[in-house]
Each structure stands twice: as C-alpha cells, then as structure tokens.
Amino acid sequence: MKIQQSEFTKSSSSYLQCPDPDHNEIAFIGRSNVGKSSLINMLTNNKKLAKVSGRPGKTQLINHFQINNQWYLVDLPGYGWAKVAKTDKATWGEMIHDYLLNRTNLLLIFVLVDSRLTPQPIDVEFINCLGENGLPLAIIFTKTDKQSKNKTQSSIAKYKKILKSYWDELPPTFATSSFNFDGKEELLNYIDSVVKKNIK
Ligand code: GDP
C-alpha cells in the first residue's frame, strides 16, 4: 500500500466525539516519546501530519486522520509519562478504555514499544489487557536505527518470551525506524491486508 492522501480529520476528547464510524480505522498507541508521531509521519510521507516533539505527554486527545479516502489512522495519546497529575492519568485511562471497547469500526491497534528497552511492565500490562478484551493488536518495535539488528532481535525475543506465558498465539510484531525507513514497506503491506480484508 502506498499512502497517497492523508488529512487531519478531528481531535476528540471522548469516543463519543469521534467521527462517524463510516470508515474502518487503525489506531497507534504507546508510551510517550516512543516515536509514534515520527512513525505516523513516515508511513504517510507527511512530515507534519502528527507533531513530533521532545516533550512527552503533550497530545491528550484522540486524533483522526483520513487515509487514501478509505480508512482512518488514529493517533491515541501516549501513556506512562511521569510529570502528569493522577487525575489526568485517570481521565486518560477512561478515555482510552471507552474508545477501545466501544469503537465499532476499529480493526487493529498497533502498540509501539521502544526496541532498545527490556520489556517494560507498563507495556506488557497494556498488551495483555488488550488481549484479555479480545482486541486485535500488533506490536511495533521502534527506533531500530539506534542499535544493531542483533540487539533488536534479542529485544523482540525477550518480549515474546514474556508474552508467551499469557498468549496462545502471539500477536504479529514489526521492527521499524523512522530515520532510515526500516520496516515501512512491511508495515504498510500488513495494514493493506487488514484494510482489504475488512472492506465494507
Ligand atoms: P511520540 O511522543 O511517541 O510521538 O514520539 P516522537 O515521534 O515525537 O519522537 C520522540 C523522539 O524520538 C524525537 O526526538 C524523535 O526525533 C525521536 N525518534 C522518533 N522515532 C525515531 C527513530 O526511528 N529513530 C531515532 N533515532 N529517533 C527517533
């Protein structure tokens, strides 16, 4: 799949405000600073679509982008930032929980994790929580240009080992770099197959 059209549609503070579910959608989520905005910009060939920032935890809204006039790409607010009040964290939890469980046109959730880190409890918990709720997901290991291929592979293997104790069948995994475009083609092909399988 080539993304030829990408356009900001709407920011919402609740799933109730999201655009009508008239297109299927694919969501991206991960810890703040994991490289989500950079990945979205890489996939869409649009350097400015999602904002890239050095300041974690800024975007606290559900952002919809229309892609190829066919599906919505959804940029969900990051989790796990340090300098945010407890009440904001609770609001985040409720908003994401409601969105994930109620959005009828949601095809897939990409959970982004930093390929350089050992499995982080917050990421493992989030992934398992999606699984427990029967939500379809895939994992993207980001920023692979920051280390050797071997280290990325060993990082992915560590995650798989932990997840195996919870999952019968592991979710698909991808390794990407928004700096050297590693994994871009593979990820777009996967998205293409998911979107095509679900054309209404
Ligand atoms: P977000 O908070 O998850 O949206 O993360 P951003 O996309 O804003 O990226 C956070 C920081 O990581 C920025 O300084 C980016 O330039 C950097 N970054 C993001 N993706 C990559 C990548 O693939 N490789 C490298 N080396 N840096 C990245």
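Just so you know, ligand 1 is whichever comes first in the structure, and atom 1 is the first atom listed for that ligand.
- Q5 places a side-chain heavy atom less than 4.5 Å from the side chain of Q66.
- We find the CD1-CZ distance between I109 and F126 to be 7.0 Å, quoted to the nearest 0.5 Å.
- Looking at T176 next to ligand 1, no N or O pair under 3.5 Å apart turns up.
- Listed by atom number, the atoms of ligand 1 under 4.0 Å from S178 heavy atoms are 22 (C), 23 (O).
- Distances from ligand 1 to the non-hydrogen atoms of G30 include no value under 4.0 Å.
- Interface of S177 with ligand 1, defined as ligand atoms under 4.0 Å from a residue heavy atom, comprises 23 (O).
- Y159 and L112 fall into different hydrophobic clusters, where Ile, Leu, Val, Met, Phe, Trp and Tyr side chains are chained together by heavy-atom contacts under 4.5 Å.
- Cluster membership check: I26 does not share its hydrophobic cluster with L100, using side-chain heavy-atom separations under 4.5 Å among Ile, Leu, Val, Met, Phe, Trp and Tyr.
- A heavy-atom separation below 4.0 Å is not found between T142 and ligand 1.
- Contact annotation: for V34 versus ligand 1, heavy atoms closer than 4.0 Å belong to both the backbone and the side chain.
- Counting heavy atoms only, K143 comes closest to atom 17 (C) of ligand 1 of the residues M42, K143, Q147, R116.
- Here the side chain of S11 pairs no donor or acceptor atom with the backbone of I62 at under 3.5 angstrom.
- Under 4.0 angstrom from ligand 1, the non-hydrogen atoms of K146 all belong to its side chain.
- Proximity to G35 (heavy-atom distance under 4.0 Å) selects the following atoms of ligand 1: 1 (P), 3 (O), 5 (O), 6 (P), 7 (O), 9 (O), 19 (C), 20 (N).
- Here's the thing with S38: one of its N/O atoms is less than 3.5 angstrom from an N/O atom of ligand 1.
- By the 4.0 Å N-to-carboxylate-O rule, R31 lies too far from D114 to be salt-bridged with it.
- Judged by distance alone, the side chains of K197 and N24 never bring a donor and an acceptor atom under 3.5 Å apart.
- For ligand 1, the atoms lying closer than 4.0 Å to a non-hydrogen atom of N33 are 1 (P), 2 (O), 3 (O), 5 (O), 10 (C), 11 (C).
- Here I40 contributes atom CD1 and S178 contributes atom OG; the two are 9.5 Å apart, rounded to the nearest 0.5 Å.
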